[in-house]
Amino acid sequence: MTAAPRAPRRSREENGTRSRPVSRQGELDVLRMVLEEQYARHHTQLALLARPGRPAAGTDTAAAVTAASRRALDDLACALRHLDQGRYGTCRRCRTDIPIAYLAHRPAARFCPRCDAASTPAVESGGGARRCEPRLPGVGKTAGPA
């Protein structure tokens, strides 16, 4: 048996639908919403871990989760501050735009994937994503999203 011939695929323009290109700023605006949601989630997680009367079982695990949430809050707060200042998403070495997908996985990235891979071992261990200073007082020792 032979398969029935398929009709040729038509482009979006031929179908009458056009996809508008998304601007870099539009992508950054969407990423801002995602980062703000992640910040709120980690902030809530820290508040739940710090509540009085929490069972003492699994204190090592709770301490590890608390430390990871604080680090995530630091990275997210740094990314949100840089977004507010208009200096987020550009590689500090080669000055190219860092891909949005890369920023989504590494919010505090300062280098594009190419420069990150070529960086020194000290920077590689942090994914080129270390630290935004100064740390501010508050839950998780960071400033909240603007």
Side-chain angles (χ1 to χ4, degrees), residues 6-55 57-146:
R6 290 186 178 191
R9 289 189 164 216
R10 294 173 24 179
S11 70
R12 289 181 184 215
E13 288 80 18
E14 292 172 331
N15 285 333
T17 60
R18 292 184 183 221
S19 61
R20 288 185 283 170
V22 177
S23 69
R24 174 77 174 176
Q25 187 58 50
E27 291 177 330
L28 289 173
D29 290 342
V30 171
L31 183 58
R32 175 191 300 275
M33 289 188 293
V34 170
L35 296 177
E36 287 172 346
E37 289 173 3
Q38 290 176 358
Y39 185 93
R41 187 186 71 222
H42 284 288
H43 189 273
T44 300
Q45 186 173 28
L46 278 177
L48 291 172
L49 288 167
R51 74 181 188 269
R54 189 179 49 98
T59 54
D60 289 341
T61 302
V65 170
T66 299
S69 285
R70 284 192 176 132
R71 280 190 305 274
L73 281 172
D74 285 346
D75 288 348
L76 293 165
C78 179
L80 291 167
R81 267 194 306 280
H82 286 166
L83 270 165
D84 288 341
Q85 296 165 354
R87 58 188 181 109
Y88 184 69
T90 302
C91 179
R92 295 180 88 190
R93 184 168 296 138
C94 70
R95 302 291 182 216
T96 61
D97 287 341
I98 301 172
I100 296 295
Y102 192 77
L103 292 170
H105 292 287
R106 297 175 183 210
R110 298 180 305 161
F111 303 107
C112 68
R114 184 180 195 189
C115 291
D116 192 24
S119 64
T120 61
V123 173
E124 279 183 6
S125 66
R130 289 291 168 263
R131 286 274 180 242
C132 183
E133 295 296 333
R135 293 178 65 157
L136 301 174
V139 176
K141 300 194 186 317
T142 62

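Hydrogens, waters and symmetry mates play no part in the numbers below; they use all other heavy atoms, side chains included.
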Heavy-atom side-chain contact between Leu73 and Gln38 under 4.5 Å: no
Ion pair Arg106/Asp116, N-O distance below 4.0 Å: yes
Spatial distance of atom CZ (Arg51) from atom CG (Leu46) [nearest 0.5 Å]: 12.5 Å
Gap between atom CG of Leu49 and atom NE2 of His42 - 0.5 Å precision: 11.5 Å
Heavy-atom closest pair, residues Pro113 and Tyr102: CG-CD1, 3.5 Å
Atom of Tyr39, atom of Leu80 and distance for their closest heavy-atom approach: CB-CD1, 4.5 Å
Backbone N/O of Cys115 and side chain of Arg93: donor-acceptor pair under 3.5 Å: yes
Closest heavy-atom pair and its distance - Ile98, Ala109: CD1-O, 3.9 Å
Pairing residues for Arg24 by the side-chain contact (heavy atoms from CB on, under 4.5 Å) criterion, not counting sequence neighbours: Glu27, Leu28, Asp97, Ile100, Leu103
CZ on Arg87 to CZ on Arg81, rounded to 0.5 Å: 9.0 Å
Straight-line distance of Leu83 CG to Leu31 CG, nearest 0.5 Å: 6.5 Å
Atom pair CZ (Arg110) and NE2 (His82), whose distance is rounded to the nearest 0.5 Å: 9.0 Å
From Asp75 atom CG to Arg70 atom CZ, the distance as rounded to the nearest 0.5 Å: 14.5 Å
Gln45: partners by side chain to side chain donor-acceptor pair (under 3.5 Å), with sequence neighbours left out: Ser69
Residues in side-chain contact (heavy atoms from CB on, under 4.5 Å) contact with Thr96, at least two apart in sequence or another chain: Cys91, Cys94, Cys112
